[in-house]
Amino acid sequence: MTKAAAPAPEPQWLTAEEQRIWRSYLHATTLLEDHMDRQLQRDAGMPHVYYGLLVKLAESPHRRLRMTELARDAKITRSRLSHAVARLEKNGWVRREDCPSDKRGQFAVLTGEGLDVLRSAAPGHVAAVRNALFDRLTPEQQKSLGEIMQIVAEGLQPNEAGADLPWLR
């Protein structure tokens, strides 16, 4: 005799208000990412993700990070990172160095030219961020947004051991 499978629980559907909030969030974040990407393409000749990689390297000791760490910090696949770093190398903004302690490992290193490009792009980028986000919010709203995003990020930050995460692929 085969035991019947228990019926799946009914989904807890979003309320009309939750649906409105969710869709507003998706709409705003899509528009914001597109706005940042277009501004950086127009003013600095690079997509937003490349700018983020340059920032991560500039903030790292000796302006260098292992490729696996850079992928993790940027939340992108190692394959996508490798492609991005190849483009940044072609521009002379980044170089790769072998890792002396790990034959398979590599570092991405921000070059002086890359740092100059980043310094040149930063004022326009910060103005775009201010105009698109912070200038539209009161200080209280800014604080709330920061707290909310921190809670969401902490809840979604997985334990990387055994997790199927894009930056581990």
Hey, does [Y] have a side-chain heavy atom less than 4.5 Å from the side chain of [X]?
X	Y	result
Arg136	Asn131	yes
Phe107	Ser60	no
Glu97	Arg64	yes

Within the distance-only criterion (no hydrogens, no angle test), does the side chain of [X] pair as donor or acceptor with the backbone N or O of [Y] below 3.5 angstrom?
X	Y	value
Thr30	His27	no
Gln19	Ala16	no
Asp37	His48	yes
Gln150	Glu147	no

With a 4.5 Å cut-off on side-chain heavy-atom distances among I, L, V, M, F, W and Y, is there a chain of contacts connecting [X] to [Y]?
X	Y	result
Met149	Trp22	yes
Ile76	Leu156	no
Leu26	Leu133	yes
Leu31	Met36	no
Val55	Val109	no

Please report the closest heavy-atom contact between [X] and [Y], naming both atoms and the distance.
X	Y	value
Trp93	Met46	CZ3-CE, 3.9 Å
Tyr51	Ala121	CE1-CB, 4.0 Å
Ala132	His35	CB-CD2, 3.7 Å
Gln142	Phe134	NE2-O, 3.0 Å
Thr111	Arg63	C-NH2, 3.9 Å
Gly114	Leu54	O-CD1, 4.5 Å

In Å, rounded to the nearest 0.5 Å, how long is the span from [atom1] of [X] to [atom2] of [Y]?
X	Y	atom1	atom2	result
Glu113	Leu88	CD	CG	11.0 Å
Leu145	Leu137	CG	CG	6.5 Å
Arg96	Ser82	CZ	OG	4.0 Å
Gln41	Asp34	CD	CG	10.5 Å
Leu65	Leu70	CG	CG	5.5 Å
Glu59	Leu118	CD	CG	8.5 Å

- [ ] Would you please test Arg20 and Glu18 for salt bridge (charged side-chain N to carboxylate O under 4.0 Å, His left out) and show each step?
- [x] CA-CA 5 Å; Arg20 184 193 67 74; Glu18 289 169 335; over 6 Å; no
Open item on the list: For Arg66 and Cys99: C-alpha separation, side-chain torsions, deciding distance, then whether side-chain contact (heavy atoms from CB on, under 4.5 Å) applies.
Closed with: CA-CA 8 Å; Arg66 287 196 54 146; Cys99 178; 3.4 Å; yes
Open item on the list: Does atom CZ (Arg104) have a neighbourhood of more than 12 heavy atoms from anything else shown, all under 6.0 Å?
Closed with: no
Task: Whether over 12 other heavy atoms sit under 6.0 Å from Arg80 CZ - done: no
Open item on the list: With side-chain contact (heavy atoms from CB on, under 4.5 Å) as the criterion, how do Arg78 and Met67 come out once you've worked through the C-alpha distance, each side chain's angles and the decisive distance to 0.1 Å?
Closed with: CA-CA 8 Å; Arg78 288 185 275 192; Met67 293 283 283; over 6 Å; no
Task: CA sep, side-chain torsions, deciding dist, call: Leu110, Leu53, side-chain contact (heavy atoms from CB on, under 4.5 Å) - done: CA-CA 9 Å; Leu110 182 65; Leu53 295 173; over 6 Å; no
Task: side-chain contact (heavy atoms from CB on, under 4.5 Å) between Arg87 and Tyr50, intermediate numbers included - done: CA-CA 9 Å; Arg87 294 287 305 271; Tyr50 290 14; 3.4 Å; yes
